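A quick write-up on the structure given underneath.
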Amino acid sequence: MRIPKEGEYITIQSYKHDGSLHRTWRDTMVLKTSEQSVIGCNDHTLVTEADGRRWLTREPAIVYFHKHYWFNIIAMIRENGVSYYCNLASPYTMDEEALKYIDYDLDIKVFPDGEKRLLDVDEYEAHRKKWQYPNDIDHILKENVKILVEWINEEKGPFSEEYVKLWYERYQQLSRK
């Protein structure tokens with residue numbers, strides 16, 4: 001698999017545990033790739049839902065995916081500050097078609113004032129029963145919620161102001177080329 005270079009655009013696809021396509025983001029600009037992670041930017045990116053509904057993202061967002069952690073992070077840059085949307089999800093894989101991951105419903109939203117909310121617990125429990133998530137996946141996801149909260153509390157990586165500023169500036173430089 002060819003690793004995309006900075007400034008190139010990729011597609012992101014999220015799936016559900018049963019293998020069904022959940023959501024697709026077209027034209028995410030790659031800002032950095034490494035052996036372990038991909039950092040990108042969505043800015044008025046076309047999103048297509050499984051049911052065919054389509055919409056554009058409203059604001060620039062720095063996206064972070066990792067090969068070992070069971071979450072991905074979206075830092076949405078808004079007038080009132082940065083909001084975060086964190087998906088509990090499988091580590092990503094990448095092929096010629098897209099960056100892909102399995103979305104496991106649980107989400108953490110972080111507001112500009114630092115308030116954190118765990119979202120979609122009911123949806124997670126319903127899908128866990130419906131698709132019979134193995135106990136080890138349930139355990140891994142719950143452990144990764146703890147890691148994510150630790151990162152948020154410590155302003156680690158994507159949760160630091162400097163990180164968001166650095167990568168948004170890089171996006172702006174690459175957009176002007």
Side-chain angles (χ1 to χ4, degrees), residues 1-16 20-34 36-112 116-117 119-120 123 144 148 151-152 155-177:
M1 167 61 207
R2 187 182 72 78
I3 294 173
K5 292 179 176 52
E6 79 169 21
E8 289 183 358
Y9 289 88
I10 61 169
T11 296
I12 297 171
Q13 295 174 336
S14 77
Y15 291 83
K16 288 300 183 182
S20 61
L21 185 62
H22 173 54
R23 187 173 287 141
T24 302
W25 291 260
R26 236 189 56 217
D27 298 330
T28 296
M29 183 191 279
V30 173
L31 302 176
K32 182 177 191 270
T33 55
S34 71
Q36 307 302 319
S37 63
V38 172
I39 300 168
C41 185
N42 287 330
D43 191 2
H44 296 85
T45 299
L46 178 64
V47 180
T48 305
E49 302 288 343
D51 64 9
R53 282 183 302 123
R54 296 154 65 111
W55 52 278
L56 290 176
T57 59
R58 287 195 307 256
E59 65 270 310
I62 303 301
V63 296
Y64 173 86
F65 296 89
H66 202 279
K67 281 229 165 97
H68 298 295
Y69 294 110
W70 284 65
F71 53 77
N72 55 64
I73 301 164
I74 303 158
M76 297 166 289
I77 302 164
R78 298 183 168 154
E79 297 275 323
N80 65 340
V82 178
S83 291
Y84 293 91
Y85 202 89
C86 312
N87 296 295
L88 274 293
S90 68
Y92 79 92
T93 60
M94 195 174 300
D95 61 21
E96 294 302 325
E97 186 182 27
L99 180 150
K100 300 175 179 180
Y101 66 91
I102 298 168
D103 181 303
Y104 280 102
D105 311 309
L106 284 175
D107 303 302
I108 296 178
K109 178 137 190 208
V110 184
F111 296 86
K116 297 180 281 296
R117 281 194 203 147
L119 307 174
D120 303 328
E123 188 181 345
N144 275 264
L148 199 47
W151 281 29
I152 294 163
E155 297 181 4
K156 183 175 174 180
F159 298 103
S160 87
E161 213 174 291
E162 297 78 30
Y163 176 101
V164 174
K165 188 172 181 258
L166 171 88
W167 291 112
Y168 185 56
E169 284 173 3
R170 186 66 188 131
Y171 165 69
Q172 290 174 313
Q173 289 167 354
L174 291 167
S175 297
R176 286 193 286 269
K177 283 186 176 177

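In this text the structure is predicted, and so the values were computed from the model without any measurement. In what follows, residues are counted from 1 in the order of the sequence shown.
Side-chain contact between Lys16 and Asp105 is present, with at least one heavy-atom pair separated by less than 4.5 Å. Side-chain contact check for Leu46 versus Arg54: some heavy-atom pair is nearer than 4.5 Å. Counting only heavy atoms from C-beta outward, the side chains of Ile74 and Asn42 never approach each other to under 4.5 Å. Contact of the Phe111 side chain with the Arg117 side chain is registered, since non-hydrogen atoms from C-beta on lie closer than 4.5 Å. With contacts defined as side-chain heavy-atom distances shorter than 4.5 Å, the pair Leu99/Gln13 does not qualify. Considering only heavy atoms from C-beta on, Phe71 stays 4.5 Å or farther from Ile108 through its side chain. Using a 4.5 Å heavy-atom cutoff, the side chains of Asn72 and Tyr92 are not in contact. When side chains are defined from C-beta on, Val63 does not count as touching Trp25, because their heavy atoms never get closer than 4.5 Å.
Here the CZ atom belonging to Arg23 is positioned 8.0 Å from the CG atom belonging to Asn87, to the nearest 0.5 angstrom. For the atom pair His22 NE2 and Thr48 OG1, the distance stands at 12.5 Å (nearest 0.5 Å). The line from CH2 of Trp151 to OG of Ser160 is 11.0 Å long, rounded to the nearest 0.5 Å. Separation of atoms CD1 (Ile39) and OG1 (Thr28) is listed at 13.5 Å; rounding is to 0.5 Å. With rounding to the nearest 0.5 Å, the separation of CD in Glu123 from CG in Leu106 is 9.0 Å. Note that CZ of Arg58 is 5.5 Å distant from CZ of Arg78, once rounded to the nearest 0.5 Å.
The closest donor-acceptor contact from the side chain of Thr57 to the backbone of His44 lies under 3.5 Å. Between the Tyr84 side chain and the Pro158 main chain, a donor and an acceptor come within less than 3.5 Å of each other.
Using a 3.5 Å distance cut-off with no hydrogens or angles, the side chains of Tyr171 and Asp43 do pair a donor with an acceptor. There is a side-chain donor-acceptor pair under 3.5 Å between Asp107 and Tyr85.
For CD of Glu155, the number of neighbouring non-hydrogen atoms (other residues, nucleotides, ligands) closer than 6.0 Å is 12 at most. No more than 12 heavy atoms of other residues, nucleotides or ligands lie within 6.0 Å of CD in Glu161, so this atom counts as exposed by the packing criterion. Residue Lys165 qualifies as open at atom NZ: its count of foreign heavy atoms under 6.0 Å is 12 or below.
Pairing each heavy atom of Ile62 with each of Tyr163, the nearest pair is CG2-CE2, 4.1 Å. Taking every heavy atom of both residues into account, Val30 and Leu174 meet most closely at O-CD1, 4.2 Å. Counting all heavy atoms, side chain and backbone alike, Tyr101 lies closest to Pro91 at CB-O, 4.4 Å. Here the closest non-hydrogen pair linking Thr45 and Arg26 is CG2-O, 2.7 Å. The shortest non-hydrogen separation linking Leu31 to Cys41 is CD1-CB, 4.0 Å. Annotation for Glu8 and Pro4: closest pair OE1-CA, 3.4 Å, computed over non-hydrogen atoms.
For Trp167 and Tyr64, the ring centers are positioned 6.0 Å apart or more.
Remark: of the listed residues Val82, Leu148, Val164, Leu148 is the sole one forming a side chain to side chain contact (heavy atoms under 4.5 Å, CB included) with Phe159. Between Gln173 and the choices Arg170, Arg176, Glu169, the side chain to side chain donor-acceptor pair (under 3.5 Å) rule is met once, by Arg170.
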Check against side chain to side chain contact (heavy atoms under 4.5 Å, CB included), Thr93 and Lys100 | CA-CA 5 Å; Thr93 60; Lys100 300 175 179 180; 3.9 Å; yes

Carefully, step by step, assess Glu79 and Glu59 under the rule side chain to side chain contact (heavy atoms under 4.5 Å, CB included).
-> CA-CA 9 Å; Glu79 297 275 323; Glu59 65 270 310; over 6 Å; no

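Aromatic ring pairs are classed by plane angle as parallel below 30°, tilted from 30° to 60° and perpendicular above 60°; the pair Trp70 and Tyr104 is tilted. The aromatic rings of His66 and His68 lie tilted to each other, with the angle between the two planes from 30° to 60°.
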